[in-house]
Colleague: 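A single structure is presented below for examination.
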Amino acid sequence: MSTRLVLVGCGHMGHAMLAGWIASGKIAAHEIIVVEPNEVLRNRAAALGCTVAPDAGTLPQDLAPDIIVIAVKPQAIEEVLAHYTRFGNGKTAFVSIAAGTGVATFEKILGDKTPIIRCMPNIPAAIGKGMMVVFATDRVTETARAFVADLLSASGEVATIDDEKLMDAVTAVSGSGPGYVFHFIEALTAAARAAGLPDKTAARLALQTIYGSAVMAVESGEEPGVLRQKVTSYKGTTAAGLDVLMGENGLTRLLTETVEAARKRSIELGS
Ligand SMILES: NC(=O)C1=CN([C@@H]2O[C@H](COP(=O)(O)OP(=O)(O)OC[C@H]3O[C@@H](n4cnc5c(N)ncnc54)[C@H](O)[C@@H]3O)[C@@H](O)[C@H]2O)C=CC1
Ligand SMILES: O=C(O)[C@@H]1CCC=N1
């Protein structure tokens, strides 16, 4: 069977998505070529059953994949894309998961008739619980859109946006968001230790509390604010804690600043 997909870069995100695609059966490993210069990471992709290549120069001359997924760092995009110009201005759709880098950069290098999709995934894609947000240009056919959306659904939820400018905010919220949440776990663990709990107990209580609360927020269908009120007894312990967390310089303000810093960095990466 012919190659349907080329994955360029098989690091943290590339591998997370690749493993999900293959496990879902939406695409077979033998329909995928992975280009990855790092030998260890290349072997990891080969172990999934994919054909692997160390660089674009070793790809077959007659290769005509449906999609090429670019999963390298934003700083490397321009240099990497220069090796894929032969796939530009044709039927192959390019899917980029890079932060910041806009459609204009892809069109400049690959040609402005190239179908381009930007996708912002997040790392829980590795366990099928990701949030993938997609922006596609008018050049992308319905068939390609449907194929990509179906493939991405193997990694979690898929949403689309019509305004590319929103991708910086998306990146700052759901792309980077797992980093914030992992830090919240660290911070609650540190606070638990400071309150006198032994290290292991502190880590366990923090992690299970965040896990249980997140699953409950998803499965109950209730608003987070309503759930919060269910925990908060009148003049009780939660109210005392939330007075700090929801105070004037509390978490909402901190997260607003956090997201804005990440959004600005996404814009910088794209310029
Ligand atoms: N890590 C995350 O949680 C997320 C990352 N992203 C985006 O995904 C992209 C990749 O990020 P990570 O996977 O975290 O980085 P990473 O460093 O783990 O992976 C990048 C991979 O690209 C490979 N590479 C470098 N030059 C190459 C070339 N010429 N051809 C093929 N492969 C090449 C590297 O060897 C590396 O394995 C970035 O653009 C990032 O903005 C997007 C959302 C979330
Ligand atoms: O930190 C980054 O730049 C990438 C994009 C979103 C998550 N990781």
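Whatever order the structure lists ligands and atoms in, that order sets their numbers, starting from 1. Numbering of residues begins at 1 and proceeds along the displayed sequence.
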Colleague: Please write down residue, atom name and distance for the protein heavy atom closest to atom 31 (C) of ligand 1.
Modeller: V35 O, 3.3 Å
Colleague: Record the part of A56 in heavy-atom contact with ligand 1 below 4.0 Å; permitted values are side chain, backbone, both and neither.
Modeller: neither
Colleague: Tell me if a side-chain donor or acceptor on S176 pairs with a main-chain N or O of A172 at a distance below 3.5 Å.
Modeller: no
Colleague: Which residue and atom name correspond to the protein heavy atom nearest atom 29 (N) of ligand 1, and how close is it?
Modeller: V80 CG2, 3.4 Å
Colleague: Number the atoms of ligand 1 from 1 as they appear, then name those within less than 4.0 Å of a heavy atom of P121, with their elements.
Modeller: 42 (C), 43 (C), 44 (C)
Colleague: Has ligand 1 got any nitrogen or oxygen that is less than 3.5 angstrom from a nitrogen or oxygen of M13?
Modeller: yes
Colleague: Give me the nearest non-hydrogen protein atom to atom 30 (N) of ligand 1 as residue plus atom name, then the distance to 0.1 Å.
Modeller: V8 CG1, 3.7 Å
Colleague: Heavy atoms of the protein only: does one fall short of 4.0 Å from atom 4 (C) of ligand 2?
Modeller: no
Colleague: Is any side-chain heavy atom of L152 closer than 4.5 Å to one of P121?
Modeller: no
Colleague: Thinking salt bridges, do R44 and E36 make one under a 4.0 Å N-O criterion?
Modeller: no
Colleague: Starting from atom 9 (C) of ligand 1, which protein heavy atom do you reach first, and at what distance in Å?
Modeller: V72 O, 3.4 Å
Colleague: Show me which atoms of ligand 2 lie under 4.0 Å from any heavy atom of A99.
Modeller: 5 (C)
Colleague: Below 4.0 angstrom from a heavy atom of P74, which ligand 1 atoms are there? Numbered from 1 as shown, please.
Modeller: 38 (C), 39 (O), 41 (O)
Colleague: Would a 4.0 Å cut-off, counted as strictly less than, catch a protein heavy atom around atom 7 (C) of ligand 2?
Modeller: yes
Colleague: Should we count NE2 of H183 as having more than 12 external heavy atoms under 6.0 Å?
Modeller: no
Colleague: For atom 12 (P) of ligand 1, which of K73, E36, M132, H83 has the closest heavy atom?
Modeller: K73
Colleague: In terms of atom number and element, which parts of ligand 1 are under 4.0 angstrom from non-hydrogen atoms of L41?
Modeller: 37 (O)
Colleague: Side chain, backbone, both or neither: which applies to I97 and ligand 1 if a contact is any heavy-atom pair less than 4.0 Å apart?
Modeller: both
Colleague: Is the side chain of T92 donor-acceptor paired with the backbone N or O of P65 at a distance under 3.5 Å, no angle test?
Modeller: yes
Colleague: Apply salt bridge (Lys or Arg N to Asp or Glu O under 4.0 Å) to residues R253 and E257 and explain how you reach the verdict.
Modeller: CA-CA 6 Å; R253 178 167 172 177; E257 288 173 11; 3.2 Å; yes
Colleague: In the protein, which heavy atom is nearest to atom 1 (O) of ligand 2, and how far is it?
Modeller: S176 OG, 4.5 Å
Colleague: Can you tell me how far apart OG (S24) and CG (L151) are? Round to the nearest 0.5 Å.
Modeller: 6.5 Å
Colleague: Do L81 and L110 have side chains that approach each other closer than 4.5 Å (heavy atoms only, starting at C-beta)?
Modeller: yes
Colleague: Is the backbone N or O of L197 less than 3.5 Å from a side-chain atom of T201, with the two atoms forming a donor-acceptor pair by type?
Modeller: no
Colleague: Taking D112 for the side chain and E107 for the main chain, is one N or O donor matched with an acceptor at less than 3.5 Å?
Modeller: no
Colleague: Nearest 0.5 Å, please: how far is CG in L245 from CZ in R228?
Modeller: 10.0 Å
Colleague: Looking only at N/O atoms, are N38 and ligand 1 under 3.5 Å apart anywhere?
Modeller: no
Colleague: Output yes when D150 and K26 qualify as a salt bridge under the 4.0 Å nitrogen-oxygen rule, no when they do not.
Modeller: yes
Colleague: For atom 33 (C) of ligand 1, which candidate among P37, G14, A82, G11 holds the nearest heavy atom?
Modeller: P37
Colleague: Considering only protein heavy atoms, which is closest to atom 10 (C) of ligand 1, and at what distance to one decimal place?
Modeller: A71 O, 3.4 Å
Colleague: Under 4.0 angstrom from ligand 1, any heavy atom of A76?
Modeller: no
Colleague: Identify the closest protein heavy atom to atom 41 (O) of ligand 1: which residue and atom is it, and at what distance?
Modeller: A99 N, 3.0 Å
Colleague: Please confirm whether the backbone N or O of T171 pairs with a side-chain atom of R263, one donor and one acceptor, at under 3.5 Å?
Modeller: no
Colleague: Under 4.0 Å, heavy atoms only, figure out whether ligand 1 is touched by the backbone of M120, its side chain, both or neither.
Modeller: side chain
